[in-house]
**Q** 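Sharing a structure with you now.
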Amino acid sequence: NNQDQSSIKRVIHQRINFNIATQLASLNSLIIRPNVSYQQTTNSSNAITNTTQGKSLLLNNSNATTDSYNKGYNGNIDMLFRHRFQTSGRTFSLDVNGSGNSNNGNGNNFSVTDYFNSGADSISNINQHYISDTKGQGISTTAAYTEPIGKHSQLELDYNYNYNKNTANKITYDFDNATQKFTFIDSLLTNNYQNTYSSNRVTLNYRIRNDKM
């Protein structure tokens, strides 16, 4: 099996990050960390394959070309609020994290394969075009309260809510020689799904700290 393959890939990536911290009052603070990124990817490849039995009997050869183009973004923001009470060790904090992403793409798969059998040669062609679309959103919120117990220990009560939703769609079309267009949907290479996940979690922690531990 001998194969010659070449490919070209081009990626454009841009990212912006921020870190904003402010002291609202002597006992309050707020930290905001937003970031967003954008990416474009172009990929093209070609492969020529020859399969022989022994050194001289040619079984098949193929020429396959694929190309794809994708673009998308990812965004995230994290906001953390903290409050310290007058009593040492008594605190409250609220952390909210939101995220979102989107990616759109399309591409082509084209190949011609010649099969050489004893007296019955055949040719297999693949000519397909696909489009894809994926999206995701999520939010996570955590509230925490700490209460001092004695001089060296604390109780911490946390509550977390998490929600995520993701969708993915891909449609693959086969080429129609009669209309010279990509009209037939290939069901084996086409899918559509949506996934939603949510959770609630409550935790109780006990902390102890002294000079040795």
Side-chain angles (χ1 to χ4, degrees), residues 1-18 33-51 59-78 96-115 121-141 160-201:
N1 187 4
N2 299 315
Q3 185 180 79
D4 294 325
Q5 185 172 355
S6 62
S7 63
I8 298 175
K9 185 176 183 179
R10 182 170 183 246
V11 178
I12 300 174
H13 190 87
Q14 298 173 337
R15 177 179 296 173
I16 299 175
N17 297 311
F18 290 96
R33 299 186 181 95
N35 65 80
V36 62
S37 63
Y38 175 80
Q39 182 170 300
Q40 285 184 346
T41 304
T42 304
N43 197 7
S44 178
S45 64
N46 176 257
I48 299 175
T49 306
N50 296 312
T51 304
L59 298 180
N60 61 70
N61 61 36
S62 67
N63 190 333
T65 301
T66 62
D67 62 80
S68 63
Y69 172 77
N70 290 273
K71 65 177 181 179
Y73 77 90
N74 289 277
N76 180 275
I77 184 170
D78 183 71
V96 180
N97 183 280
S99 62
N101 63 80
S102 176
N103 186 279
N104 299 303
N106 62 81
N108 297 282
N109 299 317
F110 179 80
S111 68
V112 177
T113 304
D114 295 315
Y115 297 95
D121 297 347
S122 61
I123 298 177
S124 175
N125 293 328
I126 296 177
N127 191 1
Q128 296 175 329
H129 175 74
Y130 71 87
I131 57 175
S132 62
D133 177 29
T134 62
K135 293 181 180 179
Q137 303 90 32
I139 186 171
S140 178
T141 302
N160 172 264
Y161 172 75
N162 188 53
Y163 174 85
N164 288 280
K165 180 181 179 180
N166 298 280
T167 59
N169 304 309
K170 182 179 180 181
I171 304 177
T172 302
Y173 298 93
D174 291 323
F175 187 74
D176 184 3
N177 291 319
T179 62
Q180 293 295 299
K181 296 180 180 180
F182 293 95
T183 56
F184 297 118
I185 295 179
D186 189 331
S187 60
L188 296 179
L189 300 176
T190 297
N191 56 60
N192 182 332
Y193 73 85
Q194 175 178 301
N195 179 40
T196 302
Y197 169 82
S198 64
S199 66
N200 293 273
R201 185 179 72 247

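Just so you know, these numbers use all the heavy atoms, side chains as well, and skip hydrogens, waters and symmetry mates. Quick caveat: nothing in here was measured; it's all calculated off a predicted structure.
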**Q** As an exercise, state the distance from NZ of Lys71 to CG of Asn104, rounded to the nearest 0.5 Å.
**A** 6.5 Å

**Q** I'd like to know whether Ser199 forms a side chain to side chain contact (heavy atoms under 4.5 Å, CB included) with Tyr163, so could you lay out the CA-CA distance, the side-chain angles of the two residues, the decisive distance to 0.1 Å, and finally the verdict.
**A** CA-CA 7 Å; Ser199 66; Tyr163 174 85; over 6 Å; no

**Q** Are side-chain N/O atoms of Ser140 and Asn97 paired as donor and acceptor at under 3.5 Å?
**A** no

**Q** Once side chain to side chain donor-acceptor pair (under 3.5 Å) is applied, do any residues pair with Thr196, and if so which ones, sequence neighbours excluded?
**A** none

**Q** Do Asn70 and Ser68 make a side-chain contact, defined as non-hydrogen atoms from C-beta onward lying under 4.5 Å apart?
**A** yes

**Q** Please report the interatomic distance OG(Ser132) to CG(Asn103), rounded to the nearest 0.5 Å.
**A** 6.0 Å

**Q** Counting only heavy atoms from other residues, nucleotides and ligands, does the tally under 6.0 Å from CZ of Phe184 exceed 12?
**A** no

**Q** Using atom types as modelled, flag every donor-acceptor pair under 3.5 Å from a side chain in residues 7-16 to any protein atom, sequence neighbours excluded.
**A**
from  : atom 1 : to    : atom 2 : distance (Å)
His13 : ND1    : Gln39 : OE1    : 2.8

**Q** Can you tell me if Asn160 and Thr141 form a side-chain donor-acceptor pair at under 3.5 Å?
**A** no

**Q** Nearest 0.5 Å please: distance from the CG atom of Asn60 over to the CD1 atom of Ile123.
**A** 12.5 Å

**Q** Is a side-chain donor-acceptor pair under 3.5 Å present for Asp186 with Gln128?
**A** yes

**Q** Where is the tightest heavy-atom contact between Asn166 and Gly136, given as atom of each residue plus distance?
**A** OD1-CA, 3.6 Å

**Q** Does Arg33 reach the side chain of Phe18, with side-chain heavy atoms less than 4.5 Å apart?
**A** no

**Q** Would Asn169 and Asn191 count as having a side-chain donor-acceptor pair, cut-off 3.5 Å?
**A** no

**Q** CZ/Arg201 to CG/Asn162 distance, rounded to the nearest 0.5 angstrom?
**A** 8.0 Å

**Q** Which atom pair, heavy atoms only, marks the closest approach of His129 to Gly107?
**A** ND1-O, 3.0 Å

**Q** Measure from NZ or CZ of Lys165 to the centre of the six-membered ring of Tyr197, then state whether that distance is under 6.0 Å and the direction lies within 45° of the axis.
**A** no

**Q** Would you please name every residue forming a ring pair (Phe, Tyr, Trp, His ring centres under 6.0 Å) with Phe175, sequence neighbours left out?
**A** Phe182

**Q** Quick one: list whatever passes side chain to side chain donor-acceptor pair (under 3.5 Å) with Asn74, sequence neighbours left out.
**A** none

**Q** Output all residues satisfying side chain to side chain donor-acceptor pair (under 3.5 Å) with Asn195, sequence neighbours left out; order by chain, then residue number.
**A** none

**Q** To the nearest 0.5 Å, how far apart are OH in Tyr173 and CG in Asn127?
**A** 15.0 Å

**Q** Donor-acceptor pair, distance only, cut-off 3.5 Å: does the side chain of Thr190 make one with the backbone of Thr172?
**A** yes

**Q** Nearest heavy-atom pair of Tyr161 and Asn200: which atoms, and what distance?
**A** CD1-OD1, 3.3 Å

**Q** Please report the interatomic distance OG(Ser62) to OH(Tyr115), rounded to the nearest 0.5 Å.
**A** 7.5 Å

**Q** Looking only at non-hydrogen atoms, find the nearest pair between Asn164 and Gly138 and report the distance.
**A** OD1-CA, 3.6 Å

**Q** Determine, step by step, whether Asn46 and Thr65 satisfy the side chain to side chain donor-acceptor pair (under 3.5 Å) criterion, reporting the C-alpha distance in whole Å, the side-chain angles of both residues, the deciding distance to 0.1 Å, and the verdict.
**A** CA-CA 4 Å; Asn46 176 257; Thr65 301; 2.9 Å; yes

**Q** Counting only heavy atoms not in Ile126, do more than 12 sit closer than 6.0 Å to its CD1 atom?
**A** no

**Q** Kindly write out the residues that satisfy side chain to side chain donor-acceptor pair (under 3.5 Å) with Thr66, not counting sequence neighbours, or none if the list is empty.
**A** Ser45

**Q** State whether the number of non-hydrogen atoms from other residues, nucleotides or ligands found under 6.0 Å of Asp4 atom CG is greater than 12.
**A** no

**Q** In sequence, state the C-alpha distance, the side-chain angles, and the governing distance for Thr167 and Gln194, and then conclude on side chain to side chain contact (heavy atoms under 4.5 Å, CB included).
**A** CA-CA 4 Å; Thr167 59; Gln194 175 178 301; 3.7 Å; yes

